[in-house]
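Just below is one structure, and these are the notes that go with it.
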Protein chains: 4
Amino acid sequence: MEKERRKEREFNLRRTEILDQAARIFAAKGFHSATVADIANASGFAIGTLYQFFESKEKLYAAVLTEKLGMMYAETQKAVEDEPELLKKIEVLVTSQFRFVENNTEFCSIFIRGDYLSLSEGSTELRERMIKDYAVYVSFVEGVMRKGIRAGVLKEMEPILMADALMGIINSYASKWLIAAEGQSLMVNVQPVVDIFLGGVRKNAH
Amino acid sequence: MEKERRKEREFNLRRTEILDQAARIFAAKGFHSATVADIANASGFAIGTLYQFFESKEKLYAAVLTEKLGMMYAETQKAVEDEPELLKKIEVLVTSQFRFVENNTEFCSIFIRGDYLSLSEGSTELRERMIKDYAVYVSFVEGVMRKGIRAGVLKEMEPILMADALMGIINSYASKWLIAAEGQSLMVNVQPVVDIFLGGVRKNAH
Amino acid sequence: MEKERRKEREFNLRRTEILDQAARIFAAKGFHSATVADIANASGFAIGTLYQFFESKEKLYAAVLTEKLGMMYAETQKAVEDEPELLKKIEVLVTSQFRFVENNTEFCSIFIRGDYLSLSEGSTELRERMIKDYAVYVSFVEGVMRKGIRAGVLKEMEPILMADALMGIINSYASKWLIAAEGQSLMVNVQPVVDIFLGGVRKNAH
Amino acid sequence: MEKERRKEREFNLRRTEILDQAARIFAAKGFHSATVADIANASGFAIGTLYQFFESKEKLYAAVLTEKLGMMYAETQKAVEDEPELLKKIEVLVTSQFRFVENNTEFCSIFIRGDYLSLSEGSTELRERMIKDYAVYVSFVEGVMRKGIRAGVLKEMEPILMADALMGIINSYASKWLIAAEGQSLMVNVQPVVDIFLGGVRKNAH
DNA sequence: GATGAATGAGGCTTCATTCAT
DNA sequence: TATGAATGAAGCCTCATTCAT
């Protein structure tokens, strides 16, 4: 039915609006200090209405995190897969992740705040979920490394160690950029990241 | 007076006991979910007693963070300065930081939780303080890099970029170790970190 | 809208119910000993509900005092203005104030307790407000006296001194009545007050 | 023994010092906001020491009130009794009470605050005591009036009504003076009080 | 006798969630 | 379906009193 489809579309629009505003508020105040009333207010709905979209404040928070994060993982994964050349894949990965951070400053600030784990004891659910999602993503990166090793362009070394190192460098640069919030684009850091990760910092003796 | 000195020693003992237990509880539950009663209970003091040592729950939290973190910074800095050889300094830095993490698992988990910033609006104080302390530490690392460049053992490159990359790799490995908490010592990762950081992951063509 | 008006009416009903019960509790126990839970209980609302009507215990207390007191001032002022004859005005004033005391025994007991000033340091607000309201009222009484002087029915004397004296006598009788709480109506004291105030207690020599 | 007498003298000195400081603090902050620590601090003794002089905060408060108030009652009574002339007795009474207020501003402010009754429910003791003391004092004043009536210098009227009126006027002037705290001496009000009380405010027709 | 650190009951207030309209 | 007033559990903190030194 036409009507049904419209309904669903509207439902999703509202849901997304709530998610966006929630991300903004959570980023600004942190999970505990942000109140459901704040979010209801910001998104223009009544408190009760929020509860028709999300079971609880915690579930809403979980949705904010996992859905947006999932987008980033998906985007990056797609971009990397679309790049045929192995070494270039790494550059694409860095670029894609930095772009996401630049386009989602507020959302990413949540991770700087990082209170995504100080939830009620019972709710290890989100914690587990995020750790698992991250693990899945890292093993994708690990796969990229493994292919590089097999192809002989990367050193013989545990690929997971490579993946973790790369993620660490990326996170470090992104965090610094989010905290400092200077005018310069995060993108200027793509080349340094790739250079250090691939070539290291030691000067080669001749 | 003799008496006074004993008093002060006891005072510090109690204070430390509270700090330790608080670190444990905060690590386990996060700032907001941990209650003052929890901490009082764990440390064996009455609630009111905590308030003779720390003005508020927030100040206690701040003390937990800044004091222990300061120790880590100091320890690492000392170890690095004691090492004369430039390239070895980097290895010592990694080793020292990993050792601290291994010896302070609970405390370091706080950073995995990372809710050290979602405090009451007014209390940007702790936030600023920690960011500054971290910045000071990073610029120490930056200094090490700069010397390496001048000595011709490290590439010509912004030393701050090197420092951030190294910190990122260290954090990444430490976080994974804290989350996974497998039996293996974090120390087995020292060599990989140094190898990747110094030599990169790309296989050198001959 | 009809609905809105009903809502507002209900809101005011609830608010008044809370104010009344709060007056009762505050009068019985004093500001500090009365607990918010007491008042919630007495008024049949949940604790949280009180906070939808009044920001804080202190504001509730302030509302109890200023709103009822305002009513008394207004009532008395109106009654006095409606009386044309100057000397009679004084009798009307005494009658009106005594009537209010009789009809609001519990509320007035608050002033016998009189802890309306021992609030948190910052809250000089209520203190100032009440002193000012009282001052305004006294200057109204002063105005009555001034007219009496101009009309030649009262002695040549600072009218403010007269007003203060009259208020003092009234308060004294009202307080005694509130403390003793005998069966006799406070109204039997109207004539003595007027007699003493107008004629004094000295026997005239001939 | 000499030693014992000195001890007792010292004890009383300390006790008085505490009472004085307590009066100051209670006057400034009110019973509930004043802490035992405040008083200990102000009087230069340790908290524990206060409890060797007074059983509890409440008893200390009671002592502050009843002892000083008793002094005022006694002083005034003495002064009035020393005055032979009946009508002059009234003037002496007003003068004496005003003098006490002027010399004990801080103490008297307690009554302006007036939270001497919002104590724990059980402690009706102080309340009763003060009401009784006041009643005793008023009946002394009543006695003066009665004598005046018998001697034919005061009108035929319930002497208690006269006494209450006089006390009311005195309190009213004293309160206003305490609140306003202008530079002018309270003594300038003696004559007006006496004039109004004895002669009333109505202009005598000839 | 003097001290003051330790105690812990109890107060005010917040805010996620429900449910009658 | 949308609303938002009502709810009440639970948290942080204060402060009178005790008691070991």
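Remember, it's a predicted structure, so these values are computed and weren't measured experimentally. A note on names: the letters A, B, ... follow the listed sequences, proteins ahead of strands, and every chain is numbered from 1.
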Next item on the list: Using whole Å, report how far NE2 of A:His32 lies from C1' of F:dC12.
Entry: 14 Å
Notebook entry, point to check: Atom CD1 of B:Ile25 to atom P of F:dC12: distance rounded to whole Å?
Noted result: 12 Å
Next item on the list: Please report, rounded to the nearest Å, how far the P atom of E:dA2 is from the CZ atom of D:Arg15.
Entry: 14 Å
Check: Atom CD1 of A:Ile39 to atom P of E:dT17: distance rounded to whole Å?
Finding: 11 Å
Next item on the list: Report the relative orientation of the aromatic rings in D:Phe53 and D:Phe45; use parallel for angles under 30°, tilted for 30 to 60°, perpendicular for over 60°.
Entry: tilted
Item checked: 5'-most by nearest nucleotide on DNA chain F - C:Phe45 or B:Glu55 -> C:Phe45
Next item on the list: Measure from the side chain of D:Ile47, starting at C-beta and using heavy atoms only, and say which of E:dG4, F:dC13, F:dA16 lies closest.
Entry: E:dG4
Next item on the list: State which residue, out of C:Leu65, C:Val36, C:Ile39, fulfils the side chain to side chain contact (heavy atoms under 4.5 Å, CB included) condition with C:Leu60.
Entry: C:Ile39
Item checked: Rounded interatomic separation in angstrom, taking CG from B:Asn41 and P from E:dA6 -> 17 Å
Margin query: Using heavy-atom distances to pick each residue's nearest nucleotide on DNA chain E, tell me which of A:Ala37 and C:Ala34 is more 5'.
Written below: C:Ala34
Checklist line | Atom-pair distance (CZ on B:Phe53; P on F:dC13), nearest Å | finding: 17 Å
Notebook entry, point to check: Which part of the nucleic acid, if any, lies within reach of C:Thr49 when heavy atoms closer than 4.0 Å are counted: base, sugar-phosphate only, or nothing?
Noted result: base
Note to self: Heavy atoms from C-beta onward define the side chain here; which of F:dA6, F:dA16, E:dT18 lies closest to that of C:Arg14?
What the structure shows: F:dA6
Next item on the list: Counting heavy atoms from C-beta on, name the nucleotide in F:dT7, F:dA16, F:dG4 closest to the side chain of D:Tyr51.
Entry: F:dA16
Margin query: Taking the minimum atom-to-atom distance to the side chain of D:Lys57, which one of F:dA6, E:dT17, F:dT17 wins?
Written below: F:dT17
Check: Rounded to the nearest Å, what distance is computed from the CG atom of residue B:Leu50 to the P atom of nucleotide E:dA9?
Finding: 15 Å
Note to self: Can you give me the dot-bracket string for DNA chain E, 5' to 3', counting Watson-Crick and G-U wobble pairs with both distances under 3.5 Å, using [ ] for crossing pairs and | for partners on another strand?
What the structure shows: .||||||||||||||||||||
Next item on the list: Mind calculating the distance between NZ (A:Lys59) and C1' (E:dT17) to the nearest angstrom?
Entry: 15 Å
Item checked: Cationic N near anionic O, under 4.0 Å, D:Arg14 to D:Glu10 -> yes
Notebook entry, point to check: Closest nucleotide of DNA chain E for C:Val36 versus for B:Gly44: which of these residues is on the 5' side?
Noted result: B:Gly44
Next item on the list: May I ask you to say whether B:Glu8 pairs ionically with B:Arg15, meaning some side-chain N is under 4.0 Å from a carboxylate O?
Entry: no
Next item on the list: Hey, could you give me each pair passing side chain to side chain donor-acceptor pair (under 3.5 Å) that has a residue in residues 17-28 of chain C? Not counting sequence neighbours.
Entry: C:Glu17-C:Gln21, C:Gln21-C:Arg24
Check: Does the E:dA6 base have a donor-acceptor partner in the side chain of B:Gln52 within less than 3.5 Å?
Finding: yes
Next item on the list: May I ask you to decide if the ring planes of D:Phe31 and D:Phe26 are parallel, tilted or perpendicular, using 30° and 60° as cut-offs?
Entry: parallel
Next item on the list: Taking the six-membered ring of B:Phe54 (Phe, Tyr or Trp), confirm whether the NZ or CZ of B:Lys59 is under 6.0 Å from its centre and within 45° of its axis.
Entry: no
